[in-house]
Amino acid sequence: MGLFPVLFAVYWSSVLVWCLLAARLCDGLSERHPLVYDALGRPAPLASRGLRGDIALLRFVLGRRYRSLDDRGLTRLCGAMRGLLCVYVIFFVSVPALILR
């Protein structure tokens, strides 16, 4: 088995996990923090709302704005999303560098 199918599977698995986590975040925000959800532009993962909602959600997570909500569940969820994003970026920047070496 070659390296490409493994990388492809890891890539799409991480995208799927991200989408599931983002959907949980959007659901949690809409139910427990509707004002914040509205301020973010009512984002919905994989929806046709455009890139604006996705960027707002990403800025919310990366900027750690969720800490001001005092919601332990959302704090853990956003922490997991930050961790996944960091691992994803490190993995997909370092793997091509190792292959091309």
Side-chain angles (χ1 to χ4, degrees):
M1 187 163 150
L3 184 62
F4 182 73
V6 173
L7 292 176
F8 186 79
V10 170
Y11 172 75
W12 283 109
S13 297
S14 59
V15 169
L16 177 64
V17 169
W18 177 266
C19 290
L20 293 173
L21 292 174
R24 286 190 61 198
L25 176 59
C26 289
D27 289 344
L29 286 173
S30 68
E31 292 172 6
R32 298 191 302 262
H33 306 284
L35 294 177
V36 174
Y37 184 67
D38 287 339
L40 292 173
R42 304 177 65 79
L46 300 176
S48 60
R49 293 189 187 264
L51 196 56
R52 180 182 263 171
D54 296 335
I55 291 173
L57 195 65
L58 191 59
R59 288 181 66 199
F60 177 78
V61 171
L62 292 178
R64 296 185 180 183
R65 291 178 27 208
Y66 53 86
R67 294 188 304 181
S68 66
L69 298 178
D70 235 7
D71 187 325
R72 288 175 52 166
L74 284 182
T75 298
R76 281 194 307 260
L77 177 63
C78 290
M81 291 176 75
R82 285 174 55 92
L84 175 65
L85 187 61
C86 289
V87 168
Y88 178 82
V89 168
I90 289 169
F91 182 75
F92 281 98
V93 167
S94 64
V95 168
L98 291 174
I99 292 173
L100 294 176
R101 213 168 88 159

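Because the structure is predicted, anything quoted here is derived from the model rather than measured.
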Check residues 58-70 and write down every donor-acceptor pair under 3.5 Å in which the side-chain atom is one partner and the other belongs to a residue at least two apart or another chain.
| residue | atom | partner | partner atom | Å |
| --- | --- | --- | --- | --- |
| Ser68 | OG | Arg65 | O | 2.9 |

Could you tabulate the donor-acceptor pairs under 3.5 Å formed by side-chain atoms of residues 86-95, not counting sequence neighbours?
| residue | atom | partner | partner atom | Å |
| --- | --- | --- | --- | --- |
| Ser94 | OG | Ile90 | O | 2.8 |
| Ser94 | OG | Phe91 | O | 3.4 |

Which donor-acceptor pairs under 3.5 Å do side chains of residues 10-27 form with protein atoms, sequence neighbours excluded?
| residue | atom | partner | partner atom | Å |
| --- | --- | --- | --- | --- |
| Ser13 | OG | Ala9 | O | 2.7 |
| Ser14 | OG | Val10 | O | 3.1 |
| Ser14 | OG | Tyr11 | O | 2.7 |

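For residues 30-40, every residue pair satisfying the salt bridge (charged side-chain N to carboxylate O under 4.0 Å, His left out) rule, not counting sequence neighbours, is listed here: Arg32-Asp71, Asp38-Arg42.
Residues that satisfy the side chain to side chain donor-acceptor pair (under 3.5 Å) test with Arg76, not counting sequence neighbours, are absent from this structure.
Rounded to the nearest 0.5 angstrom, Ile55 CD1 and Leu57 CG are separated by 11.0 Å.
In terms of heavy atoms, Tyr37 sits closest to Pro43 at OH-O, 3.0 Å.
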